[in-house]
Amino acid sequence: MSLYLILIPFVSSLILLLARPAASRSIALAASLANLAITLFAFSGFNGDGSFNHEFSVPWVSSAGIHFRLGLDGISLLMVLLSNLLAPLIILSSGGEKYHPEARYFGLLLMMLGALNGVFMALDGLLFYVFYELALIPIYFICAIWGGDNRIRVTLKFFIYTFAGSLFMLVALIYMYLQTPGTHSFLWEDLVSVQLSNGAAWWVALAFFLAFAVKMPIFPFHTWQPDTYTTAPTGGTMLLAGIMLKMGTYGVIRWMIPLAPEALHDLSPIFISLAVFGIVYASIIAIKQTDLKRLIAYSSIAHVGLIAAGIFAWNKVGVQGSLLQMLNHGINVVGLFYVVEVLERRLGTRSLSEMGGIAKSAPNFAALFMIIMLGAVAVPLTNGFPGEFLLLNGVWNYNPWLGALAGLTIIFGAVYMLRAYGLVMFGKPNDSTLHFEDINIREWVVLGAVALMVLVFGFFPQWILNITDGSVNRILSVVQF
Amino acid sequence: MLKAVPIEYFVYLCTLLFVIGVFGVLTRRNAIVVLMCIELMLNAVNLLLAAFSTYLSDAQGQILVFFIMVVAAAEAAVGLGILVMIYRNTKSTDISLLDQLRN
Amino acid sequence: MKALLILFVTAIVVLFAGLSAKRQTLVLLALGGVLIALGATVSDLFVGDTTGWNEMYATMFRFDSYALAFGAVILLTTALLFGLSGWGFRHLSDTLGDNYGLILFSICGAFCMFSFTNMIMLFLGIEILSIPLYVLAGSRRDNLASNEAALKYFLMGSFATGILLFGITLVYGSCGTFDLQGIASAVQSGRATGNMFSIGILLIVAGLSFKVSAVPFHFWAPDVYSGSPNMITAFMATVVKTAGFAAFYRLFSTAFVDSGEVWNVAIAAIAALTMTLANTTALFQKDFKRMMAYSSISHAGYLLLAILVAGQTGAASAILLYTLAYSIATVCAFAVYMTVAEQNADGSFSAFNGLSKKEPLLAAVMAISVLSLAGIPPTVGFFGKYFLFTAAFEAYPWLIVLAVINSAISIYYYFKVIIAMYFTSDENAYTVSVPVAFRWVMLVGILLIGLLTVSPDTILGLIP
Amino acid sequence: MQSLLPLIPFLPLLGFLINGIFGRKYFSKTTVGLVGSAPLLVSFLLSLAAFNQVATSGPISFSLYQFLAVDSLQVPFGFLIDQLSVWMMLIVTGVGFLIHVYSIGYMHDDDGMWRFFAYLNLFIFSMLLLVMGDNFLMLFFGWEGVGLCSYLLIGFWYTNVEFGKAARKAFIMNRIGDLGLLLGIFLIYKTFGSIQYAQVFGQLGTLEIGAGVVTTICLLLFVGAIGKSAQIPLYTWLPDAMAGPTPVSALIHAATMVTAGIYLIARCNGLYSLSPDALHMVAIVGLATSLFAAFIGLRQNDIKKVLAYSTVSQLGLMFLALGMGAYSSAMFHVTTHAFFKALLFLGAGSVIHALGGEQDIRNMGGLRKALPITFWIFLIGTFAISGFPLLSGFFSKDEIFAHVYDHGGTSWWALASFGGLLTAVYMCRLLYVTFFGDFRGTEDQKHHLHESPAVMTIPLIILAGLSVVGGLLNLPHFLHIEPASWMAHWFAGNGVTGASVIPMGEIGIDASTEWMLMGIATAVALAVIAVSYVLYSKPANLPVEDAELSGLSKLFANKFYVDEIYDALFVNPTARLSKMLHYYADVWGLDGVVNGVGKGVMELGGYFRRLQNGNIEYYLLGMVAGIMLLLLSVFV
Amino acid sequence: MTLALFLTLAVISVITALLVVLSRNPIHSVLYLILTFFTIAGLYIMLNAQFLAVVHIIVYSGAIMVLFLFVMMLLNLNKDTEPQKSIYWKVGGGLAAGMLLVTLVGAMRGGIELQASATPDSNVGLVENLGKVLFTDFVVPFEIAGILFLAAMVGAVLVGKRDLKL
């Protein structure tokens with residue numbers, strides 16, 4: 001079953017890229033919905049005790065102990081759910097003339113989806129790495145082909161930066177691999193059971209951190225992110241912010257901490273401090289941004305900083321919160337970027353100073369934007385809240401001062417999001433916004449679905465937490481520091 | 001005779017000849033002379049091989065000398081061919097002038 | 001051994017056929033010969049050699065699985081290149097047969113280079129490989145760049161031969177034999193320990209470094225690569241490099257494996273310097289072929305990592321996989337480059353502008369090749385790098401870190417061509433037509449890259 | 001019966017959904033009004049039933065589902081209806097219903113009426129969650145929810161940029177408080193291992209907790225209360241919040257939401273009682289706010305702004321009561337304040353409605369004749385808040401003063417009473433300037449002056465009645481009229497932990513002193529009413545233009561320049577910091593480093609590139625040099 | 001006596017080698033080089049490698065150097081006007097070569113230990129001995145050298161051909 005989650009996107013991606021059929025969007029949508037169906041089907045008979053379900057394992061390079069091994073525990077399942085839940089939305093929300101030729105765009109998108117699923121399911125270190133990098137290629141192409149100003153320079157920087165970061169992870173993985181007894185192995189369990197000396201663990205942890213910190217990104221490794229998010233076409237931005245950055249956070253939970261727990265005792269204060277500082281830093285910067293997309297990009301740094309801080313706190317509340325927030329941040333950020341897309345499509349600009357008064361002409365849009373915005377601001381009973389609550393609680397439990405500092409996010413978050421919302425929606429309409437067309441059916445579906453998820457997951461976070469509960473217990477019990 | 005001349009002398013002599021060859025390669029601009037200097041280097045090697053061969057009472061070294069001669073001849077033929085070809089195009093065998101290919 | 005004979009016979013046949021036969025016939029003859037040789041090699045590799053020749057000539061060369069595997073790699077590469085040659089050699093008329101003949105002779109030399117058990121064979125192999133190449137580099141006789149390439153290659157190559165020979169001589173003086181096993185046992189028994197021996201080894205390192213174009217003996221490569229005809233450049237970048245490393249590794253994993261303290265530092269330094277210099281210099285190149293030259297130098301830097309741990313399990317397999325991946329990708333890249341650049345008379349990156357719209361498949365082939373060269377997962381190029389790094393990791397972690405940083409740097413120049421093909425709007429008014437043979441070669445190449453990605457094991461298992 | 005109780009919050013939510021989804025396209029204004037108001041009535045009736053049940057069989061608690069369960073952090077979506085919460089429910093739904101009805105008339109001409117009612121219903125839902133939740137997280141839900149609704153309603157007329165800013169200000173200042181509350185909740189969880197009221201308060205007697213921890217918890221919660229209930233230093237949003245439609249001001253910014261802070265502290269009285277330091281802090285902040293806001297109120301000319309500062313001041317008074325440990329007195333004042341302040345706001349709304357949106361009292365005057373009902377109602381409200389004998393405010397304020405006298409001493413009592421005096425002054429000023437004298441508005445306005453329709457006046461009359469008799473709820477003991485201290489007794493009933501929800505406050509002063517205090521208060525109130533009539537009903541004593549003010553008056557009129565100070569201290573520096581961080585730290589600094597690494601590599605390549613100069617002599621020299629370097633390794 | 005002979009030959013060979021490098025006229029260089037080769041042939045004889053000496057004279061002086069001379073005459077290079085490198089280059093080249101020499105000699109000083117065989121055989125350099133070794137043990141390289149020659153021949157022809165369509 002887990003194999004299909006990768007095969008379906010890859011095969012349909014190849015079809016789209018090679019045959020370039022006209023109905024590319026429908027094919028892509030069908031493939032992504034099939035994936036979503038499989039994901040939901042994977043819930044049936046799912047064993048939530050933290051073991052790996054639906055395992056698929058064949059030796060890949062048997063002489064070197066590399067396996068093509070996939071499996072789903074709760075954490076993976078959640079991430080797979082995230083990517084497959086968002087993929088249909090992203091497919092629905094992008095495409096069209098701006099993405100010519102469409103077949104190529106959707107082909108790349110599906111390739112990305114397959115790779116992401118692979119990242120989230122891989123239980124072999126090298127396989128994880130391979131998928132991790134594979135995901136980078138389609139998104140690079142998407143951003144560089146259909147991006148905006150400066151796309152070539154910006155995306156190349158993005159690619160090299162993230163690639164360089166993850167190469168250090170490769171070095172760390174190889175090191176771990178060489179420490180496994182007997183004929184070496186990359187299997188997760190084998191890597192986890194390696195006992196490292198303190199010094200070695202430091203290096204391994206730092207190497208992993210570099211890879212994931214760039215990917216997420218965490219202050220001060222974030223500078224590629226605002227430019228890339230801004231430049232990328234919105235479909236690409238959604239993929240980047242909605243799913244791809246979760247590769248980093250997921251990687252920390254699944255790989256970094258379990259592999260090098262010995263060092264985390266010493267290093268996690270540094271990591272958390274960076275993450276928390278990044279929250280405040282990015283939030284403050286977001287306050288005065290004039291480009292809506294860039295604003296959301298900075299807000300994403302803040303949010304992901306909180307997620308990372310929760311993980312590094314490494315207590316159950318924090319980790320569960322981070323997992324919950326990964327899903328919800330993905331949903332929200334996709335919604336927000338889609339809002340930007342809707343605005344940009346109609347107004348031809350993302351500049352906040354050229355907007356205003358849109359609520360008047362587009363009440364439906366305003367309402368859905370409001371709901372999504374509230375989710376992002378983490379108002380209770382929207383999906384943003386429970387995760388943020390748990391995360392802040394987790395960080396607070398780790399260190400109250402850091403928790404309080406991280407808590408500033410709820411203030412700054414309100415400041416910049418409300419400012420943005422106000423500048424877009426409120427005030428007197430200007431010439432261009434006066435006749436702003438309200439959203440059409442497709443936009444309704446996407447924004448409505450996001451808004452619905454915002455509310456449903458806001459009211460019932462425990463549904464999500466139940467998925468990951470057993471796995472978090474297991475991974476916390478495996479790794480203690 | 002073997003006792004009279006220490007092997008070191010041969011080594012130093014050949015090294016000296018070899019280095020003179022290198023010196024020539026570095027300082028001459030005429031391609032043909034450079035090629036001759038390379039032949040000088042090869043000859044230094046040949047002499048050293050022969051010396052080792054004799055001092056070790058082992059024929060292999062002298063066998064290699066043959067092969068080096070073979071190669072030297074072949075290289076000379078090909079190299080001079082190339083030189084002539086270039087001369088036809090540039091009317092010169094000055095290696096300093098050949099710097100069209102560069103960064 | 002069989003392959004060597006087949007190649008030699010093919011070379012003779014092609015030479016004579018070149019006097020009268022048609023272009024098509026020649027291509028088929030040469031390609032057929034190579035394919036037969038490839039078949040013989042592969043069957044020897046998997047079925048085993050029953051002729052007994054191996055034992056008969058074991059003091060000079062031995063076609064063990066190592067040699068056969070590398071033989072298969074270069075024959076495969078050559079076959080692909082010959083597939084391109086029908087169009088690639090279209091400018092040649094009366095010298096076509098000579099060109100094929102020389103290439104085939106050159107491969108004969110390569111076969112000596114990775115099967116030798118005696119340094120005399122190594123020396124001869126190198127010369128047989130090189131001398132035809134000096135000529136081939138200058139085979140566009142009316143072209144000054146080609147002439148210059150030939151002379152530079154020849155002069156520096158001869159000079160390097162001198163250095164190599166001096167080294168061999170000194171080693172011979174220390175050990176009293178050219179036989180690899182003999183040298184190894186001399187080292188083991190402590191007979192060969194003096195400084196003369198060390199200098200000999202280091203001079204051999206220098207000589208071989210020249211052949212594999214490692215810094216600071218690399219200077220010839222960019223100029224010769226860019227000056228030579230495209231087909232020959234592709235041949236040099238793939239077959240010659242593979243043969244050079246096969247010989248390098250064979251020598252150092254048998255004869256000098258126990259005198260590592262002499263050459264480890266030297267080769268580590270060369271490797272570090274090679275990677276860094278080549279990758280940073282490549283950043284500035286505007287010409288695709290020159291970029292490929294620096295890329296090939298940088299790959300030499302990575303491959304030297306395996307030499308450093310010569311003799312260790314997996315090192316040979318790593319070189320094999322790496323060179324195979326590198327060769328296929330390079331051939332594919334050159335195939336695309338040739339179609340684009342030769343029809344456009346422009347070899348710079350901007351020649352590729354907008355290629356993805358004109359010929360999406362051509363662009364895709366180039367993209368995949370370049371990604372593989374850059375070592376980006378899941379292309380086989382990544383596995384090549386991975387196994388190299390893993391092999392050398394425990395002994396030289398810092399070198400691996402440097403290699404990793406360099407891999408990141410290399411993205412910048414590799415992606416220039418991708419950027420041109422995919423992200424730059426098309427300002428060229430030319431049209432590109434892809435010869436049929438090229439399509440087949442690219443198809444085979446890409447399929448091979450795919451297959452190797454799925455199962456690198458098949459290659460890794462060739463050398464036990 | 002019990003199965004119907006969840007309907008209390010969810011009916012308004014349903015109203016919100018129906019109006020929000022269908023209101024714009026499908027409903028007439030009347031339908032919108034009905035859909036909006038009817039759930040409130042049902043909820044109110046159900047709350048009455050709940051009241052009855054609590055009275056007969058004690059607190060009710062039930063839970064709908066498990067909201068969060070991580071480790072020991074078990075949070076049900078649960079409700080607790082005890083004496084305290086049912087009282088708040090009654091206020092919220094009761095006063096809320098009246099205001100809804102009033103709004104049918106008030107908002108009838110507004111296109112966004114569907115939106116208005118939807119938001120109001122959402123507010124009621126949130127407020128009910130706040131008071132009905134059985135744990136701190138539920139409280140927080142409501143807490144933020146009401147903040148959100150406040151934001152939506154303040155910015156209801158969103159085309160006005162200033163209103164939008166006011167809304168944002170309200171939300172953000174609330175959020176500052178919310179952070180405190182949130183951290184308080186974290187600390188509670190860490191200390192007690194739970195955030196459910198029953199378990200937290202149940203452990204108070206048994207668990208050994210350091211005084212520092214309790215004080216910290218209390219202060220953090222108090223930060224939340226400060227934000228929500230507009231106390232120093234986070235009060236500035238409330239006057240600005242008057243940008244919203246007047247019923248909103250009545251409901252949210254006077255009667256219900258702003259009292260959430262009082263509710264929170266009353267709810268946690270067990271905790272606060274363990275921490276005298278925290279109580280002291282609460283008292284100080286309350287008293288300071290009470291006086292501060294009253295001073296500002298003296299010189300405001302916007303009818304709603306006066307009421308707003310009055311609200312802040314009254315809230316301060318309530319906190320003062322809380323700080324004195326008089327929790328039930330505070331709740332008593334919450335109740336009466338809900339009556340008369342809602343009344344005043346709605347009355348002001350009626351005035352504004354009649355004048356077509358005019359809010360400046362300098363342009364009013366003499367409205368007594370044109371708006372008789374409104375006038376009488378406003379009069380009752382003003383007298384009630386000023387402490388006119390036997391009206392509701394009289395009793396509730398008196399009780400608080402008595403506690404202050406008892407626990408704080410004479411100086412505290414004097415200051416608090418002075419605040420009461422100021423309240424009477426500016427309220428009477430408002431009343432007289434607005435309704436007496438001659439009309440000072442335009443002819444056009446004069447022409448259109450009309451009394452509000454019945455749908456608006458009837459709720460006013462009901463509220464007026466409540467403002468008059470509200471005092472009966474908690475008559476002081478020394479009057480010996482039964483039921484004396486009914487409300488205090490009600491709150492002292494056994495809660496879910498088995499102990500009193502709010503223990504009976506003890507007043508340790510004898511009856512004669514109480515009589516004396518009451519007498520002084522009465523005398524002061526009556527004197528103020530009389531003196532200010534003389535002062536303010538004369539045209540000569542009308543408020544002057546802002547520019548002509550000087551000295552303290554100017555200070556008061558400009559609200560002590562607090563907004564300006566905040567701008568200079570916090571808002572502008574943050575904005576500047578934002579830009580500076582962006583340009584200097586992010587783009588120039590960090591990104592510069594990243595780009596610099598790239599440039600460095602390029603530069604290195606630039607040097608290496610020059611080696612390849614095309615000249616074979618250099619190449620050969622390079623090779624020789626390389627050989628020498630290799631050979632040097634022999635010497636190493 | 002033998003030492004004196006050796007030294008004489010050695011000094012002559014070094015001097016002539018230097019003259020090869022230093023003389024301005026390429027023709028002189030060739031002639032000096034032939035002289036050097038003769039001294040080397042003398043040393044071969046001293047080493048009891050008579051066959052080698054003979055072959056050496058035939059191949060180098062007789063064939064290779066004649067080829068060089070031929071080409072020089074063909075290309076009219078027999079002048080003193082050959083472009084010279086600047087003095088800096090000469091000094092630089094000399095320095096480099098000198099340093100190389102110092103490095104080589106310095107490194108080898110005291111490190112030259114030959115593993116002389118137990119049964120010294122002074123006849124290794126004789127033609128019958130060499131022939132036996134060449135055609136038994138080294139028959140493979142001998143054959144392979146054929147390929148080399150063939151390749152070189154074809155190559156030389158290829159290079160020498162005039163392009164038909166220029």
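Below, chains carry the letters A, B, ... as their sequence lines are ordered, and counting in each starts from 1. Predicted model, so just to flag it, every value in this text is computed and none were measured.
- Of the listed residues A/S62, A/S166, A/G165, the one with more heavy-atom pairs under 4.5 angstrom with chain C than any other is A/S62.
- Distance check: C/I419 CD1 to A/R151 CZ gives 9.5 Å after rounding to the nearest 0.5 Å.
- For A/L136, no part lies under 4.5 angstrom from a heavy atom of chain C.
- Contacts of A/F131 with chain C are absent, with no heavy-atom separation under 4.5 Å from either backbone or side chain.
- For a residue to count as touching a neighbouring chain, one of its non-hydrogen atoms must lie under 4.5 Å from one of that chain's; by this rule A/Y177 touches chain C with the side chain only.
- When all heavy atoms of C/D457 and A/W60 are compared, the pair lying nearest together is OD2-O, 3.8 Å.
- For C/P377 against A/F163, the heavy-atom pair with the smallest separation is CD-CE1, 4.3 Å.
- Considering all non-hydrogen atoms of both residues, A/F168 and C/V401 come closest at CE2-CG1, 3.9 Å.
- Counting heavy-atom pairs under 4.5 Å between each of A/T155, A/I137, A/L134 and chain C puts A/L134 at the top.
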For side chain to side chain contact (heavy atoms under 4.5 Å, CB included), just list the numbers for C/F415 and A/I160, CA-CA rounded to whole Å, side-chain angles, deciding distance to a tenth of an Å, and then say yes or no. CA-CA 10 Å; C/F415 274 36; A/I160 294 179; over 6 Å; no
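- Here A/E133 contributes atom CD and C/T379 contributes atom OG1; the two are 10.5 Å apart, rounded to the nearest 0.5 Å.
- For a residue to count as touching a neighbouring chain, one of its non-hydrogen atoms must lie under 4.5 Å from one of that chain's; by this rule C/S356 touches chain A with backbone and side chain alike.
- For a residue to count as touching a neighbouring chain, one of its non-hydrogen atoms must lie under 4.5 Å from one of that chain's; by this rule A/F159 touches chain C with the side chain only.
- Below 4.5 Å, heavy atoms of chain A meet heavy atoms from C/F382, C/F383, C/Y386, C/F387, all part of residues 380-388 of chain C.
- Applying the salt bridge (charged side-chain N to carboxylate O under 4.0 Å, His left out) rule to A/D227 yields the partners A/R294; only residues at least two apart in sequence or on another chain are considered.
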Dump the intermediate steps for side chain to side chain contact (heavy atoms under 4.5 Å, CB included) on C/L460 and A/V61, then the final yes or no. CA-CA 9 Å; C/L460 293 171; A/V61 188; 3.5 Å; yes
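- Between C/F423 and A/Y140, the ring planes lie perpendicular to each other; the angle is over 60°, past the 30° to 60° tilted range.
- Contacts with chain C (heavy atom to heavy atom, under 4.5 Å) involve these residues of residues 102-112 of chain A, listed by number: A/R104.
- A 6.0 Å sphere centred on CG of A/N198 holds more than 12 heavy atoms belonging to other residues, nucleotides or ligands.
- Residue-level contacts of residues 8-20 of chain A with chain C, in order of numbering, are A/L18, A/R20; threshold 4.5 Å between heavy atoms.
- Comparing C/A403, C/S407, C/P378 by how many heavy-atom pairs each has under 4.5 Å with chain A, the most go to C/P378.
- Looking at A/L156, the atoms closer than 4.5 Å to chain C (heavy atoms on both sides) all sit in the side chain, from C-beta outward.
- Between A/L167 and C/A408, the shortest heavy-atom contact is CD1-N, 3.8 Å.
- The number of heavy atoms from other shown groups lying within 6.0 Å of OH (A/Y4) does not exceed 12.
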